[in-house]
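Everything on this sheet refers to the single structure shown next.
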Amino acid sequence: MLGLKSFGRLALVATAATAAMTLAACGGGSADETPTTVDKAAASGDIVVWVHGGATDAEKAAANTIVDGFNTSQSKIKASVKFIPDQQKVITATPAEQLGDVVEADGEAMSANVYAGKFQALDGLISQDVLDNQTSSTTAQNTYAGDGKRYMLSMFDSGLALYGNKKLLDAAGVKYPTTWDTAWTVEQFDAALKALATKDKDGKVLDVKENYGLSGYSTYAFLPIISSAGHLVMEDGKADGALNSEPVVAAFTKVAGWKQYTDANADDKAFTAGRVGLSWVGHWVYNDYKKALGDDLVVIPLPNFGTGAKTGQGSLAWGISKGSKNAAAAAVFLEYAMSDASVKAMTDANSAPPGTKSVTATSPLYKADGPLALYADGLSRSCGNEMPTTTCVAVPRTISAGWPTINAKAGDAMNSIWTGGDPKEALDKAAQAIDQDFTDNDGYAVK
Amino acid sequence: MATNTVSTGDFEPVVIAAKRDTRPALMMVGPAIILLIIFVLIPFIMAGWLSLHRVNLNSPLPSKWIGFEQYRRILFDSATRGDFLRGLLNNFVFALIVVPLQTGLALGLAMLLNRPLRGMAIFRTFFFMPVVFPMALVAVIWKLIYSRDSIGLLNSFIDTVTFGQVGPIDWLGDPKYAMASIILLSIWQGVGFQMIIILAGLQGISPSLYEAASIDKAGRWEQFRNVTLPGLRNTLIFVSMVTTIFAFRLFDQVYILTEGGPNNATTTVMYQAVSSAFGSGTRASGNVGKAAAITVVFFVIVVLITIIQRRVLREEREIS
């Protein structure tokens with residue numbers, strides 16, 4: 001049906017496309033390391049890549065760029081992208097053999113997904129170089145406690161800290177720390193809030209992003225407090241005596257006391273409009289904050305509740321489904337996705353802390369003298385799933401297949417405390433509910 | 001009926017007649033019966049089965065018979081029953097306040113909008129609009145109205161009319177106000193629906209009755225009591241019954257505005273069933289067994305209430 005004229009134009013387009021592909025392939029080839037294991041060299045065929053459908057447009061574009069780049073960098077494997085809305089619910093409801101070969105999923109859900117038999121271990125499939133290049137925090141998040149193996153790889157991570165408005169802090173005469181090891185003690189943080197409040201019209205000087213809503217976010221934003229108080233949600237398989245231990249109760253009693261200084265921030269402009277001097281939030285608001293405050297924007301570690309200042313960590317990560325019929329090809333793709341070029345494309349798109357050491361070192365935002373170096377420093381010192389020490393900083397969401405329950409119950413407790421409930425009562429109730437759920441599920445032990 | 005007309009002692013035609021009637025009847029109710037079985041009966045039987053087992057989403061563990069353990073935890077175990085009982089209490093409080101208030105308000109609005117006035121369609125549309133909007137959208141808007149800081153719409157309104165005497169109130173975060181806030185929003189959103197039904201009922205009352213009443217020198221109040229209310233009896237019974245069922249289904253606004261908080265002040269049975277199984281917001285939970293047990297208990301309670309209500313408020317069936 002094509003006329004001669006349009007056929008000629010089509011040929012021209014095709015030639016141009018081939019030329020572009022060849023160029024891209026050369027570029028990709030030099031940045032990427034050649035696969036090391038034998039089966040991967042022989043890998044070929046089609047694979048499907050499931051990408052988180054809630055990603056921003058920029059992240060989706062980056063994902064498409066990475067998959068296109070992969071397809072043009074070699075000719076044996078063809079990857080296609082599928083954006084999955086509400087992806088964790090879909091993963092939960094889909095049998096392993098119907099999942100994509102490569103699946104992007106919440107890092108916090110890794111243990112639950114592995115426990116449910118949805119993902120396969122990457123050790124042996126992925127080259128050791130790629131595994132070793134993951135940062136301390138992403139390695140911790142992606143290692144399954146049941147067998148000590150890696151199940152996911154991260155292109156990017158997340159972190160928590162305080163953003164400060166230098167003008168307001170200076171006006172109130174508040175001195176602020178800039179490293180995790182010199183973080184404010186709870187008393188110093190208290191004093192800073194009081195000093196800021198005396199200079200403030202309505203006395204609301206802190207923002208904790210109440211506008212994000214209570215669910216999910218509270219266990220991310222406030223979980224580091226438990227570790228900073230020297231405990232974990234569960235110790236020796238029990239939440240009772242850990243989550244509701246005396247130091248944790250004391251810490252949350254303090255936090256509840258800060259609500260009187262907290263701006264409800266319904267319009268999400270508390271910090272950018274200069275209504276508050278401190279904002280307890282993550283790396284992701286940096287661009288907006290920088291635009292609003294310019295050189296007055298400072299990054300301050302979260303306060304130290306006794307066992308060192310802590311930050312949150314964790315974000316979306318990539319794994320290979322257990323039911324994949326082409327795990328070798330999926331592994332080749334995953335290695336490509338973790339190459340410097342891919343990780344850079346993704347983290348340029350979302351400004352998140354890179355999940356690999358090599359890209360972190362050269363990231364304009366997160367390198368040693370970058371404006372967000374504090375995040376990268378914290379993330380390079382993950383506490384893992386161990387008892388927190390005074391020197392470790394990044395705290396992953398509890399690495400356990402029971403995390404969904406912990407998340408729900410600890411989240412309820414934090415919300416209850418924030419809305420005026422008794423901290424001891426709320427944490428006791430959560431600890432009992434978590435322990436009951438673990439008993440019901442035979443401790444979420446590996447079969 | 002067919003049997004009666006053909007009962008002349010001849011046996012054969014009776015059977016044929018009965019058959020002729022039964023087959024089309026079955027065919028006609030068939031689709032409804034099949035749908036009811038698929039969407040009501042089977043899910044209900046499954047809920048009963050699930051409630052007696054340990055069933056968790058995303059778990060490789062096989063389901064395990066645990067008997068009435070979930071029911072014991074929900075209803076009797078003093079360590080765990082608090083949530084469910086509080087939810088039930090909240091449901092009753094909500095229904096007790098909303099049903100009379102919303103029905104009364106709907107009646108008032110309907111009478112107001114039943115007058116011959118130019119552009120009445122516009123007024124009716126205006127009052128009916130909140131019903132058309134999905135609750136999810138309405139709740140998000142009301143979240144801004146109820147914001148606890150002084151820039152919240154409601155707080156800044158109160159601040160203005162009281163000349164700053166009444167400080168900003170934490171509408172959704174203070175246990176004293178949270179349920180009241182949910183009730184206010186629910187009435188605003190739901191009243192239009194009842195209003196439309198009552199409006200239809202009002203228009204079904206024959207104008208001649210009012211004419212006769214005014215000839216008998218009945219005042220407006222007497223007309224309302226002796227003509228309007230009796231004329232609306234069946235409508236009002238229907239409206240209050242539906243509102244009661246709606247009240248017990250309270251979920252959307254709670255899920256979006258408060259997630260049952262603060263301290264369970266706005267939790268409802270429906271909310272607990274859903275959040276046990278699917279979590280709230282991004283928090284997954286996956287305890288299907290517990291959720292099923294909650295729904296079974298709740299079903300029994302709602303059926304009982306409906307039966308009692310039907311007994312007390314008997315509809316008058318007209319025979320004409």
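Protein chains get the first letters and strands the later ones, always in sequence-line order, with residue 1 at the start of each.
Around NZ of A:Lys322, the count of heavy atoms belonging to other residues, nucleotides or ligands within 6.0 Å does not exceed 12. Around atom CE of B:Met129, more than 12 heavy atoms belonging to other residues, nucleotides or ligands sit under 6.0 Å away.
Two residues are said to be in side-chain contact when any heavy atoms from C-beta on lie closer than 4.5 Å; B:Arg148 and A:Thr262 meet this criterion. By the 4.5 Å heavy-atom criterion applied to side chains, B:Leu61 and A:Tyr115 are counted as neighbours.
Side-chain contact check for A:Asp437 and B:Asn287: no donor-acceptor pair (N or O, by modelled atom type) lies under 3.5 Å.
Closest approach of A:Asp442 to B:Lys64, counting heavy atoms only: OD1-NZ, 4.4 Å. Of all heavy-atom pairs between B:Pro175 and A:Thr419, the closest is CD-O, 4.5 Å.
Formation of a donor-acceptor pair under 3.5 Å by the B:Arg54 side chain with backbone atoms of A:Asp440 is found in this model.
Rounding to the nearest 0.5 angstrom, the gap separating the CD atom in B:Glu259 from the OG atom in A:Ser416 is 13.0 Å. Rounding to the nearest 0.5 Å gives a distance of 8.0 Å between OG of B:Ser147 and CG of A:Asp267. The distance from atom CG of A:Asp412 to atom CG of B:Asn263, rounded to the nearest 0.5 Å, is 10.5 Å.
The list of side-chain hydrogen bond (donor to acceptor under 3.5 Å, both in side chains) pairs with a residue in residues 151-160 of chain B, not counting sequence neighbours, reads B:Asn155-B:Trp171.
Only the side chain of B:Asp170 comes within less than 4.5 Å of a heavy atom of chain A; its backbone N, CA, C and O stay farther away. Using a 4.5 Å cut-off between heavy atoms, A:Asp263 touches chain B through backbone and side chain atoms alike. Both the backbone and the side chain of A:Asn441 come within contact range of chain B, judged by heavy atoms closer than 4.5 Å.
Looking at residues two or more places apart in sequence or on another chain, you find a side-chain contact (heavy atoms from CB on, under 4.5 Å) between B:Ser78 and B:Arg81.
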Requested in this report: Would you check, one step at a time, whether the test side-chain contact (heavy atoms from CB on, under 4.5 Å) holds for A:Gln432 with B:Thr80?
Outcome: CA-CA 9 Å; A:Gln432 280 162 14; B:Thr80 48; over 6 Å; no
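For the set A:Ala93, A:Ala426, A:Ala433, A:Ala116, the entry with the most heavy-atom pairs within less than 4.5 Å of chain B is A:Ala116.
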